[in-house]
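Here is the structure we will look at.
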Amino acid sequence: MTKVYLSIGLLALAASLGVYLLSFLLRGKETPKGLAFLHGPLAAAGLVALAFASYESGWRDYWGPIGVFAVVAIGGLIMISIDLSGRSIPKWLGIVHGLAAASGFVWLLTHV
């Protein structure tokens, strides 16, 4: 159960950074790259902790949120690659990324 709480903490921290990054995107300003490079690994560490917690429970408890977060991570990789190539990230992509992550987080919280 400790790994689940670790996962929740890491994902909550990543989410707060994500909201801050989204505020830059929605205002049309350049996102701080340092925060973007902190947001992704924090979320990935939360996903890994969640996968370990799920493994310990026999893969029966957290498969849904893991799937959502895996898809969200792919979206995050797409966004950072767009940003690093010098193009602007579509606002809808940032919004969908955040909403999907929030839904995965709520789903996770309902299983704890």
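These numbers come from a predicted model, not from an experiment. No hydrogens, no waters, no symmetry mates; every other heavy atom, side chains included, goes into these values.
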- State, yes or no, whether a side-chain contact exists between V68 and F105 at a heavy-atom distance under 4.5 Å. no

- Cluster overlap V96 with V19, hydrophobic side-chain contacts below 4.5 Å: no

- Message: Using 30° and 60° as the class boundaries, would you call the ring planes of W107 and H111 parallel, tilted or perpendicular?
- Response: tilted

- Residues K91 and L25: closest non-hydrogen pair is CE-O, 3.5 Å

- Task: Over all heavy atoms of both residues, which pair between A36 and L21 is shortest? Give the atoms and the distance, please.
- Result: CA-CD1, 3.8 Å

- Task: Could you tell me whether the side chain of H97 reaches within less than 4.5 Å of the side chain of V72, counting heavy atoms only?
- Result: yes

- Task: Please check if the side chain of S7 supplies one atom and the backbone of G46 the other of a donor-acceptor pair under 3.5 Å.
- Result: yes

- Note on the structure: Distance col, row S103:OG vs L108:CG, nearest 0.5 angstrom, shows 11.5 Å

- Query: Quick one: does S81's side chain have a donor or acceptor within less than 3.5 Å of a partner on L77's backbone?
  - Reply: yes

- Query: Would a distance-only check, ignoring hydrogens and angles, find a side-chain to backbone donor-acceptor pair under 3.5 Å from H39 to A15?
  - Reply: no

- Query: Is there a chain of hydrophobic side chains (I, L, V, M, F, W, Y, each step under 4.5 Å between heavy atoms) that links L11 to V106?
  - Reply: no

- Minimum heavy-atom distance F52-K3, with the two atoms named: CB-CD, 3.7 Å

- Query: From E30 CD over to I89 CD1, what is the distance, rounded to the nearest 0.5 angstrom?
  - Reply: 10.0 Å

- Task: Would you indicate whether the side-chain heavy atoms of L93 and I82 approach each other to under 4.5 Å?
- Result: yes

- Linking I/L/V/M/F/W/Y whenever any side-chain heavy atoms sit under 4.5 Å apart, do L17 and I78 land together? no

- On a heavy-atom basis, the closest approach of W63 and S54 is N-OG, 4.4 Å

- Message: To check you understand the geometry: which heavy-atom pair defines the closest contact between A14 and A43, and what is its length?
- Response: CB-N, 3.7 Å

- Answer yes if L26 and W92 sit in the same cluster of Ile, Leu, Val, Met, Phe, Trp and Tyr residues linked by side chain heavy atoms under 4.5 Å apart, and no otherwise. yes

- With the 4.5 Å side-chain cut-off for hydrophobic clustering, are L13 and F24 part of the same group? yes

